[in-house]
Amino acid sequence: MSIYQHFREEERTFVDQVLQWREDVKIKHLVRLTDFLDPRQQEIARTIIGNDDEVSLSYSGGSPYAERCRLRLTPPYLETNLEDFQLTLFLIQYPSKFVTIQHRDLLGAVMNMGLKREKFGDLLLDDNGTAQMIVNQEIADYVEMNLQSVGKAPVKLNRIPISEHIIPKDSWTEETTTASSMRLDTILAQMYKLSRAKVAPYIEKGLVKVNWKTIDRPDYVLEVGDYISVRGFGRARIQAIEGMTKKEKYRLRFGRKQ
């Protein structure tokens, strides 16, 4: 039985990477520290490593609430502490009385510095105007020197202890719907109460992501556990298929986050 049958075709490259990490630890007795992985990548890594007695798997994104985390794979005789994840937490100071920073503004500013998404973790903002970001230690100096504005707001970065990581608000809501198929356009139409004709342009223009990857095919088949985001509509996750209706439609439970 091939391990690949448990994952999608487009996930094979990452599956191969996890298998290589596992081999490095088991055979060569090395330590492997990953970049920041999204929740789907973390799930794949945990599935492959499983309960392997020869590999210890730990992860952290700076707090128990972090979405994006670094994974550390070690032989079982080595301990892992928070410091081993090599994280730097920045407090982003800006004139919050006069300007508001949105998550997309901060993400755009960081990406425009030429950084790959896996080099930095969660970007956090709260209702009081506090803004934080967490990055790999190896790029902390570069970020501190070069991130000078977000949108129209001038900013200054201050390093603060990891323990001061903002606790994100849990704004997920759970809903149910029915769908005639698991096609991407069909599911999006039901989740967001739109016609498939209105959903199609979002997909075609690259505004839809599944498991953090842009998907431009309306007929892409979704599965339980998939994360879906549509620009301007927030994020959703398919939680479960709870059977079929009398009209042979899927009965779905999903979560939504604005």
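The basis for the numbers below is simple: all heavy atoms, side chains too, and nothing from hydrogens, waters or symmetry mates.
Checked against the 6.0 Å centroid threshold, Phe233 and Tyr202 count as a close aromatic pair.
Going from atom CD1 of Ile238 over to atom CE of Met191 covers 4.5 Å, rounded to the nearest 0.5 Å. Once rounded to the nearest 0.5 Å, the distance linking CG of Leu71 with OG1 of Thr34 reads 4.5 Å. Residue Leu222 holds its CG atom at 12.0 Å from CZ of Phe254, rounded to the nearest 0.5 Å. In this structure, CG on Leu87 lies 5.5 Å from OG on Ser60, to the nearest 0.5 angstrom. The structure places CG of Leu106 at 12.0 Å from CE of Met111, a figure rounded to the nearest 0.5 Å. Here CD of Glu175 is found 12.0 Å from CD of Gln190. Values are rounded to the nearest 0.5 Å.
By the side-chain hydrogen bond (donor to acceptor under 3.5 Å, both in side chains) test, Asp16 pairs with Tyr4, sequence neighbours left out.
For the pair Asp122 and Met133, the minimum side-chain heavy-atom distance is 4.5 Å or more.
Taking every heavy atom of both residues into account, Met244 and Glu248 meet most closely at CE-O, 3.4 Å. Contact detail for Gly61 and Cys69: the closest heavy-atom pair is N-SG, 3.6 Å. Contact between Val55 and Pro76 at its shortest, heavy atoms only, is N-CD, 4.4 Å. Across every non-hydrogen atom of Pro75 and Val25, the tightest pair is N-CG1, 3.5 Å. When all heavy atoms are compared, the tightest approach of Arg217 to Ile203 is N-CG2, 3.7 Å. Taking every heavy atom of both residues into account, Ile134 and His165 meet most closely at CD1-CD2, 4.2 Å.
With Ser149 contributing its side chain and Lys152 its backbone, the two residues share no donor-acceptor pair below 3.5 Å. In this structure a side-chain-to-backbone donor-acceptor pair under 3.5 Å is present from Arg70 to Phe85. A donor-acceptor pair under 3.5 Å links the side-chain atoms of Gln41 to the main chain of Asp38, judged by distance alone. Looking at Asn128, its side chain never comes within 3.5 Å of a backbone N or O of Thr130 through a donor-acceptor pair. Between the side chain of Asp105 and the backbone N or O of Ile101 there is no donor-acceptor pair closer than 3.5 Å. Checked by atom type and distance alone, the side chain of Arg117 pairs as donor or acceptor with a backbone atom of Phe120 at under 3.5 Å. Of the possible donor and acceptor atoms, none in the side chain of Tyr220 sits under 3.5 Å from a partner among the backbone N and O of Val210. Glu11 contributes a side-chain N or O that, together with a main-chain N or O of Arg8, makes up a donor-acceptor pair within less than 3.5 Å. Remark: side-chain polar atoms of Asn158 are not paired, donor with acceptor, to backbone N or O of Leu91 under 3.5 angstrom. Side chain of Gln132 to main chain of Leu124: no donor-acceptor pair is present (N/O by atom type, distance under 3.5 Å, no hydrogens or angles).
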Quiz prompt | Verdict with reasoning, Glu144 to Arg159, per salt bridge (charged side-chain N to carboxylate O under 4.0 Å, His left out) | solution = CA-CA 9 Å; Glu144 189 172 10; Arg159 302 186 193 209; 2.9 Å; yes

Exercise. Let me see the working for Glu43 and Arg46 under salt bridge (charged side-chain N to carboxylate O under 4.0 Å, His left out), right down to the final yes or no.
Key: CA-CA 5 Å; Glu43 182 180 343; Arg46 284 193 291 267; over 6 Å; no

Exercise. Verify salt bridge (charged side-chain N to carboxylate O under 4.0 Å, His left out) between Arg72 and Asp84, making sure each step is shown before the conclusion.
Key: CA-CA 8 Å; Arg72 189 170 188 261; Asp84 295 321; 3.8 Å; yes

Exercise. Applying salt bridge (charged side-chain N to carboxylate O under 4.0 Å, His left out), run through Arg253 and Glu242 and close with a yes or a no.
Key: CA-CA 7 Å; Arg253 176 163 50 86; Glu242 299 185 328; 2.7 Å; yes

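In terms of hydrophobic clustering, with Ile, Leu, Val, Met, Phe, Trp and Tyr side chains grouped at heavy-atom distances under 4.5 Å, Leu57 and Leu33 are assigned to different clusters. Clustering ILVMFWY residues whenever any of their side-chain heavy atoms sit less than 4.5 angstrom apart, transitively, puts Val110 in the very cluster that holds Tyr142. Ile162 and Val143 are members of different hydrophobic clusters when ILVMFWY side chains are connected at heavy-atom separations under 4.5 Å. Put simply, Leu194 and Leu252 are part of the same group of oily side chains (I, L, V, M, F, W, Y) that touch within less than 4.5 Å, one to the next. Leu123 and Ile160 are assigned to two separate hydrophobic clusters, defined by single-linkage of ILVMFWY side chains at heavy-atom distances under 4.5 Å.
Taking the ring centre of Phe36 as origin, the terminal cationic atom of Arg68 falls outside the region bounded by 6.0 Å and 45° from the ring axis. With Tyr192 as the aromatic partner, Arg256 does not meet the cation-pi criteria of under 6.0 angstrom to the ring centre and within 45 degrees of the ring axis.
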